[in-house]
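Structure incoming, see below.
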Amino acid sequence: MWYRAFSYVLLVSSLFVTANSLAIERVRLATHQVYPYHYVENGKVYGDVIRQVKCAFNRMETPFKAEFSDWVDVELRLRTGQLDAIFAVANSERRSEFGELSIPLAQKHLYWYFTGSKIDVATTNPLYQKYKVAADFGSDEWLTLKRQAYNVQKKPRDAEELVQLLVSHEVDAILLDEQEFSYELSKHNLQSTRFSRQHYGKIALGVLFSKAFLNEHPTFLQSFNTAASNCLVQDTGN
């Protein structure tokens, strides 16, 4: 359902394109369900980053197609040439090997969340590895936790599964964007449950274009950045 809904919405906007100055048949993009940046609710597609991506492509008069999938799938397809870009992701040394990131379109405000009192899960705690922690599988946060040798055993596919792991005490802490967490609490009426949190940091997010695509269209990223800079929405995080 996500694939069809998102593809339909974006393709409708591309039908009104009357010129394609960059001579691109159609740019292939993919994303993942992450509130409030790009998500599906009641069969409709929403999100701050989605609005910005659509705005940028419309300004460029360039047709495009986008779909929803999971992080692991979309990144693999980008590396193997099945996609031209994925969003919204953070920059990393690993990703710079096969892609180049656009200007930031959003910023995640990440927190550790706990049920009950806070737990010292910082890497400065010699015992941090004894705690079971989790993040959205395949996300930037999940990859960071794995690199830092956290005790990561679960592979939740979205924020809903992630919060459920915490509520059911299958993990001791989760790493999640504050707006995603609040959204899940509201959606599942968990406001009465006692949670605590610890600030983790911020991550800038953009569109990652494959180097293969940019090699074929060397002026594309500059054009996209210029267009996207006129489509930015204000960051409402704290």
Side-chain angles (χ1 to χ4, degrees), residues 1-7 10 24 26-40 45 47-50 52-54 56-57 62 64-108 110 133-150 152-162 165 174-177 179-180 200-217 220-221 224-225 228:
M1 179 179 68
W2 294 354
Y3 170 86
R4 292 180 180 177
F6 193 28
S7 295
L10 296 189
I24 299 174
R26 178 174 290 155
V27 182
R28 302 165 300 171
L29 304 98
T31 188
H32 181 53
Q33 172 114 336
V34 180
Y35 178 92
Y37 312 106
H38 25 81
Y39 65 103
V40 178
V45 180
D48 298 339
V49 174
I50 284 178
Q52 294 171 58
V53 168
K54 291 173 65 176
F57 276 96
T62 300
F64 58 97
K65 177 180 181 180
E67 61 183 273
F68 274 85
S69 189
D70 63 61
W71 282 137
V72 177
D73 174 68
V74 299
E75 191 158 307
L76 176 61
R77 290 168 62 199
L78 183 70
R79 296 181 66 136
T80 56
Q82 299 175 55
L83 291 170
D84 301 317
I86 60 176
F87 66 92
V89 298
N91 201 10
S92 69
E93 183 177 349
R94 177 180 57 83
R95 285 181 175 146
S96 65
E97 296 175 359
F98 59 89
E100 190 169 348
L101 201 67
S102 73
I103 63 170
L105 300 184
Q107 185 170 242
K108 278 189 175 183
L110 296 170
V133 302
D136 191 356
F137 178 58
S139 67
D140 297 297
E141 301 88 273
W142 189 88
L143 293 170
T144 297
L145 295 182
K146 293 294 287 185
R147 284 195 299 269
Q148 295 177 336
Y150 273 93
V152 181
Q153 300 179 13
K154 302 294 184 179
K155 297 181 178 180
R157 294 287 178 172
D158 53 36
E160 183 174 15
E161 290 185 20
L162 190 57
L165 288 175
I174 61 172
L175 186 58
L176 189 61
D177 176 83
Q179 294 188 81
E180 288 186 80
Y200 177 84
K202 300 177 182 179
I203 300 180
L205 305 173
V207 180
L208 184 71
F209 292 93
S210 75
K211 286 189 174 180
F213 173 78
L214 294 178
N215 286 338
E216 292 182 7
H217 309 284
F220 184 89
L221 185 56
F224 179 85
N225 285 340

Do any N or O atoms from the side chain of Glu141 and from the backbone of Leu176 form a donor-acceptor pair under 3.5 angstrom? no
Where is the tightest heavy-atom contact between Leu83 and Ala30, given as atom of each residue plus distance? CD1-CB, 3.6 Å
Heavy atoms of Leu162 and Leu175 approach each other most closely as CD2-O, 3.8 Å
Donor-acceptor contact below 3.5 Å, side chain Arg28 vs main chain Gly81: yes
Do any N or O atoms from the side chain of Ser102 and from the backbone of Asn225 form a donor-acceptor pair under 3.5 angstrom? no
Minimum-distance pair of heavy atoms, taken over all atoms of Ser69 and Val74: CB-CG1, 3.6 Å
Looking at CD of Gln52 and OH of Tyr37, how far apart are the two atoms once the value is rounded to the nearest 0.5 Å? 11.0 Å
Return the NZ to CG distance between Lys108 and Asp177, rounded to the nearest 0.5 Å. 6.0 Å
Show your working on salt bridge (charged side-chain N to carboxylate O under 4.0 Å, His left out) between Arg94 and Glu75 and close with a plain yes or no. CA-CA 11 Å; Arg94 177 180 57 83; Glu75 191 158 307; 2.2 Å; yes
Please give me the minimum heavy-atom distance between Ile86 and Val89, naming the atom from each residue. CD1-CG1, 4.2 Å
Do you know the tightest heavy-atom contact between Leu205 and Ala88? CB-CB, 3.7 Å
Go through the steps for Glu160 and Gln33 under the test side-chain contact (heavy atoms from CB on, under 4.5 Å), then give the verdict. CA-CA 10 Å; Glu160 183 174 15; Gln33 172 114 336; over 6 Å; no
Nearest 0.5 Å please: distance from the CD1 atom of Ile174 over to the CG atom of Leu110. 11.0 Å
Specify the closest pair of heavy atoms between Ala90 and Arg95, including all atoms of both residues, with the distance to one decimal. O-NH1, 2.8 Å
When rounded to the nearest 0.5 angstrom, what distance separates OG1 in Thr144 from NZ in Lys146? 12.5 Å
Has His32 got a side-chain atom pairing as donor or acceptor with Asp158's backbone, closer than 3.5 angstrom? no
For His217 and Asp84, what are the C-alpha separation, side-chain angles and deciding distance, and is it a side-chain hydrogen bond (donor to acceptor under 3.5 Å, both in side chains)? CA-CA 11 Å; His217 309 284; Asp84 301 317; over 6 Å; no
Does the plane of the ring in Phe209 sit parallel, tilted or perpendicular to the ring in Phe213? Use 30° and 60° as the thresholds. parallel
Side-chain touch Thr31/Leu29, heavy atoms, less than 4.5 angstrom: no
Could you walk me through whether Asp70 and Arg157 pass the salt bridge (charged side-chain N to carboxylate O under 4.0 Å, His left out) test, one step at a time? CA-CA 7 Å; Asp70 63 61; Arg157 294 287 178 172; 3.5 Å; yes
Side chain of Lys211, backbone of Ser96: donor and acceptor closer than 3.5 Å? yes
Output for pair (Ser92 OG, Leu101 CG), nearest 0.5 Å, gives 9.0 Å
Is the shortest side-chain heavy-atom distance between Phe87 and Ile50 below 4.5 Å? yes
Is the distance between the ring centroids of Phe224 and Phe57 under 6.0 Å? yes
Applying ring pair (Phe, Tyr, Trp, His ring centres under 6.0 Å) to Phe137 and not counting sequence neighbours gives Trp142
Supply the atom-to-atom distance His38 NE2 to Leu105 CG, rounded to the nearest 0.5 angstrom. 9.0 Å
